[in-house]
There are 2 protein chains.
Amino acid sequence: MMTIGKLSDTAGVKVPTIRYYEEIGLMPEPERTEGNQRRYVRAHLDRLNFIRHARDLGFSVEAIRDLLSLQATPDAPCHDADRIAADNLADVRAKIARLKKLEAELEHIVSECAGGRAGECNVLATLADHALCVTNHGHAHNPLDNVSN
Amino acid sequence: MMTIGKLSDTAGVKVPTIRYYEEIGLMPEPERTEGNQRRYVRAHLDRLNFIRHARDLGFSVEAIRDLLSLQATPDAPCHDADRIAADNLADVRAKIARLKKLEAELEHIVSECAGGRAGECNVLATLADHALCVTNHGHAHNPLDNVSN
DNA sequence: TCCTGAACCTCTAGTCCTTGGAGATTTAGG
DNA sequence: CCTAAATCTCCAAGGACTAGAGGTTCAGGA
């Protein structure tokens, strides 16, 4: 029997986040004391650890929802979990590829900067003119959605 | 003199986004027609291209604000712009490093999956127990903030 | 000149995943 | 029994957009 604060410390997930997970149905509603405070048991900690770990690995909340329901049915075939993980891996790789292009671009920009006045600054010049770029880092219309996380 | 739609198409920035940039002060308020529609000139396009390019490169709106004010004062020393870009580069590198750890972890998880039942699934087992991880991909308390670009 | 339909306007609210605060209540320890 | 810490609920913010409703303006053609 532990309080939400103890659960929070143990799992490394902030208190409001735990309540949020409950609200969106990732965490089950725990027992309450007479005074309406949440009391958790070991199973809650395991589940929260699972969630945090999956979030650390970049899984979306929706993916985690799927993984949790798979976990709940141990006799179900495992390829669904495998596919979710593989999708996530592909996602992570795409993000790495994109960030590497940005890295190259930024390296170029920064290294060229001679430390003069803003009027001749390479950083500013490059940002003002895409044609000065060394790589094609994309003219994506939703550039960052792909990279966040 | 171009409409917001033309500006949007030319710069590759969605119309509501342009209005949003105006609202937060990244873009200046343009002239209006008698009927209250925005009309842009070349300078607006240049500025919007600058902004989009910087966003593509992962700069935050706040960083862009700084860069734009530097651009407006060509005689100012350039090291501020350089520092902003260098900070951003460090940021991108940190994200890459983090994502590579995730990649390694996910590769491990996925490759180990024998395609059996969920009860023995490696994906699920690893998520349930951090100790099974091959790398220390961090117990960060704000795991994804560091990675979203 | 009028009409039509596309593009524009403002305003509000939603996205995602938390995080923080206000103000009230409960709990555990001394 | 008292107090301080922790908890409760509810609401709002963050970043950077995105989407919709409901209404107006523009440009081209008949």
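Here is the naming used below: chain letters follow the sequence lines, and residue numbers restart at 1 for every chain. Bear in mind the structure is a predicted one, so any value in this text is a computation, not a measurement.
Of the candidate nucleotides D:dA16, C:dC17, D:dC26, D:dA16 has the atom nearest to the side chain of B:Val61.
Taking CG of A:Asp46 as the reference point, atom CD1 of A:Ile51 lies at 11.0 Å (rounded to 0.5 Å).
In summary, A:Glu62 and A:Arg65 engage in a salt bridge, as defined by a charged side-chain N under 4.0 Å from a carboxylate O.
An OP1 or OP2 oxygen of C:dA7 is reached within less than 4.0 angstrom by no side-chain nitrogen or oxygen of B:Thr3. Contact annotation: A:Ser60 does not reach the phosphate of C:dC16 (side-chain N/O to OP1 or OP2, under 4.0 Å). Within the 4.0 Å cut-off from OP1 or OP2 of D:dC17, at least one side-chain nitrogen or oxygen of B:Tyr21 is found. The phosphate of C:dT19 (OP1 or OP2) has a side-chain N or O of A:Thr17 nearer than 4.0 angstrom.
Rounded to whole Å, atom P of C:dC17 lies 13 Å from atom CD1 of A:Ile51. Put simply, CG on A:Leu7 is 10 Å from P on D:dT7, counting in whole angstrom units. Atom-to-atom, OH of A:Tyr20 to P of C:dT19 comes out at 11 Å; the value is rounded to the nearest Å. Distance, B:Ile18 CD1 to D:dC17 C1': 13 Å, rounded to whole Å. Rounded to whole Å, atom P of D:dT25 lies 17 Å from atom CD1 of B:Ile4. B:Leu26 places its CG atom 12 Å from the C1' atom of D:dC17, with the value rounded to the nearest Å. Taking atom CD on B:Glu23 and atom C1' on D:dT18, their separation rounds to 13 Å, with Å as the unit. Going from atom CD of B:Glu34 over to atom P of C:dC8 covers 18 Å, rounded to whole Å.
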Between A:Glu107 and B:Arg93, is a salt bridge (charged side-chain N to carboxylate O under 4.0 Å, His left out) present by the stated rule, with each step listed? CA-CA 10 Å; A:Glu107 273 170 357; B:Arg93 284 183 173 147; 2.5 Å; yes

Stepwise salt bridge (charged side-chain N to carboxylate O under 4.0 Å, His left out) test for A:Arg19 and A:Glu22: CA-CA 5 Å; A:Arg19 291 199 271 250; A:Glu22 183 182 324; over 6 Å; no

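Residue B:Val92 comes nearest to A:Leu99 through the heavy atom pair CG1-O, 3.5 Å, listed as atom of the first residue, atom of the second, then distance. The nearest pair of heavy atoms linking A:Ala11 to A:Leu45 is CB-CD1, 4.0 Å.
Of the residues near DNA chain D, A:Gly5 and B:Pro16, the one whose nearest nucleotide (by heavy atom distance) lies more toward the 5' end is A:Gly5.
Among the atoms of the strands shown, none is found under 4.0 Å from any heavy atom of A:Ile24.
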Close N or O pairs between protein and nucleotides 9-13 of chain D (under 3.5 Å):
unit_1: D:dT9; atom_1: OP1; unit_2: A:Arg32; atom_2: NH1; d: 3.1
unit_1: D:dT9; atom_1: OP1; unit_2: A:Arg32; atom_2: NH2; d: 3.2
unit_1: D:dT9; atom_1: OP2; unit_2: A:Arg38; atom_2: NH1; d: 3.0
unit_1: D:dT9; atom_1: OP2; unit_2: A:Arg38; atom_2: NH2; d: 3.0

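When the side chains of ILVMFWY residues are joined at heavy-atom separations under 4.5 Å, either directly or via intervening members, A:Ile24 and A:Ile4 end up in a single hydrophobic cluster.
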